[in-house]
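To start, the structure under review is shown below, and the notes come after it.
Nothing here was measured: the structure is a model prediction, and the numbers come from that model. Numbers here are sequence positions counted from 1.
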Amino acid sequence: MAKLIYSAIMSLDGYTADTDGNFNWSMPDEEIHAFVNDLERDVGTYLLGRRMYEVMSNWETMDTRDEPPVIQDYARIWQGADKVVYSTTLDTPSTPKTRLERQFLPETVRDLKSGSDHDISIGGPTLAAHALKAGLVDECRLFINPVAVGGGLRFLPDGLKAQLELVDQRRFGNGVVYLRYRAR
């Protein structure tokens, strides 16, 4: 059975984007990008909200020929995985291996988890909030940046109560800290 993993880069004060929707403060350096690539290799399916999908879909068509190997590697990882986009406003997905769902149904995600040999990643805090509240998330992977942005889009939804167990951690040279928690 696959794990449902919620990963995000966040600020020290708990936000994935600031009040203007910007996340340029969170761009990973090569060391972090390589680490993320290794974490993402076993992901078979990405679950994404429309906004996160629009950001991530650039990996499908980006010309990476002149990019560092770490960027080329991530593009291959992204392109090799299936994607499920949850949106009521998107007409049709713009990337291959992508299907559109109009609403997040916990039972459908449970079925996907039980029928998959590869892990599933849920991207974006708005969509992840549904999975967290339904008790579907098996792991949270946080990349905490040494910056406070003062508000914006929170990594965890208000009102969530959960017991987590720290199972891995790593500190990077640029001050970013990776924490991996398993749901209990």
Side-chain angles (χ1 to χ4, degrees), residues 2-43 45-59 62 67-71 73-75 77-78 81 83 86 104 109 118-184:
K3 293 182 290 191
L4 182 61
I5 300 166
Y6 173 35
S7 299
I9 297 173
M10 64 181 259
S11 64
L12 187 60
D13 52 349
Y15 298 96
T16 60
D18 65 22
T19 55
D20 295 322
N22 295 318
F23 50 90
N24 54 351
W25 47 267
S26 70
M27 299 314 254
D29 65 14
E30 192 167 321
E31 178 188 23
I32 293 170
H33 215 304
F35 184 79
V36 168
N37 289 0
D38 289 340
L39 292 176
E40 298 289 303
R41 284 190 207 291
D42 196 40
V43 171
T45 305
Y46 290 99
L47 309 181
L48 307 155
R50 182 192 51 80
R51 286 180 296 221
M52 181 63 77
Y53 172 70
E54 288 172 348
V55 169
M56 296 302 293
S57 65
N58 291 320
W59 287 99
M62 180 188 309
E67 295 294 333
V70 71
I71 299 295
D73 186 31
Y74 186 77
I77 292 166
W78 165 264
K83 293 98 181 158
Y86 294 88
F104 182 89
V109 176
H118 296 282
D119 289 339
I120 302 162
S121 175
I122 190 161
T126 303
L127 182 62
H130 296 292
L132 288 161
K133 289 178 179 178
L136 295 171
V137 175
D138 299 295
E139 286 187 6
C140 289
R141 296 176 178 174
L142 300 76
F143 290 84
I144 303 172
N145 280 253
V147 60
V149 298
L153 189 56
R154 296 175 50 76
F155 175 78
L156 293 173
D158 289 338
L160 177 69
K161 294 184 181 191
Q163 293 292 316
L164 304 171
E165 173 187 3
L166 181 65
V167 293
D168 195 10
Q169 59 188 329
R170 180 171 170 179
R171 197 170 118 197
F172 294 92
N174 64 359
V176 170
V177 176
Y178 165 72
L179 301 172
R180 180 175 142 231
Y181 289 96
R182 181 178 2 203
R184 296 198 292 177

Any side-chain heavy-atom pair from [X] and [Y] closer than 4.5 angstrom?
X      : Y      : result
Ile77  : Arg41  : yes
Leu39  : Phe143 : yes
Glu139 : Arg180 : yes
Leu47  : Thr45  : yes
Tyr46  : Glu40  : yes
Pro125 : Phe155 : no

Check the surroundings of atom [atom1] in [X]: do more than 12 heavy atoms from other residues, nucleotides or ligands lie under 6.0 Å from it?
X      : atom1 : result
Glu31  : CD    : yes
Arg51  : CZ    : no
Phe23  : CZ    : no
Glu165 : CD    : yes

Out of curiosity, [X] [atom1] to [Y] [atom2], how far, rounded to the nearest 0.5 Å?
X      : Y      : atom1 : atom2 : value
Ile120 : Asp42  : CD1   : CG    : 10.5 Å
Leu12  : Ile144 : CG    : CD1   : 7.0 Å
Leu156 : Cys140 : CG    : SG    : 6.0 Å

Any sub-3.5 Å donor-acceptor pair from [X]'s side-chain atoms to [Y]'s backbone N or O?
X      : Y      : value
Lys83  : Ser57  : no
Asn58  : Val55  : yes
Tyr181 : Gln163 : no
Asp138 : Leu4   : yes
Asp18  : Val149 : no
Asp119 : Lys3   : yes
Lys133 : Ala131 : no
Asn174 : Val176 : yes

At their closest point, which heavy atom of [X] faces which heavy atom of [Y], and how far apart are they?
X      : Y      : answer
Glu30  : Pro68  : OE1-CB, 4.5 Å
Trp78  : Leu48  : CH2-CD1, 3.5 Å
Ala183 : Val137 : CB-O, 3.4 Å
Asp13  : Val147 : OD1-O, 4.0 Å
Pro28  : Ile9   : CD-CD1, 4.2 Å

Residues Phe35, Phe172; criterion ring pair (Phe, Tyr, Trp, His ring centres under 6.0 Å); working and verdict:
CA-CA 10 Å; Phe35 184 79; Phe172 294 92; 5.3 Å; yes

Result of checking Leu127, Leu132, Leu136 against Ile122 for side-chain contact (heavy atoms from CB on, under 4.5 Å)
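Passing option: Leu127.
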
Look at the aromatic rings of Phe104 and His130 and report parallel, tilted or perpendicular, splitting at 30° and 60°.
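Parallel.
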
Tyr74 and His33 aromatic ring geometry - parallel, tilted or perpendicular at 30°/60° bounds
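The arrangement is perpendicular - the two ring planes meet at more than 60°.
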
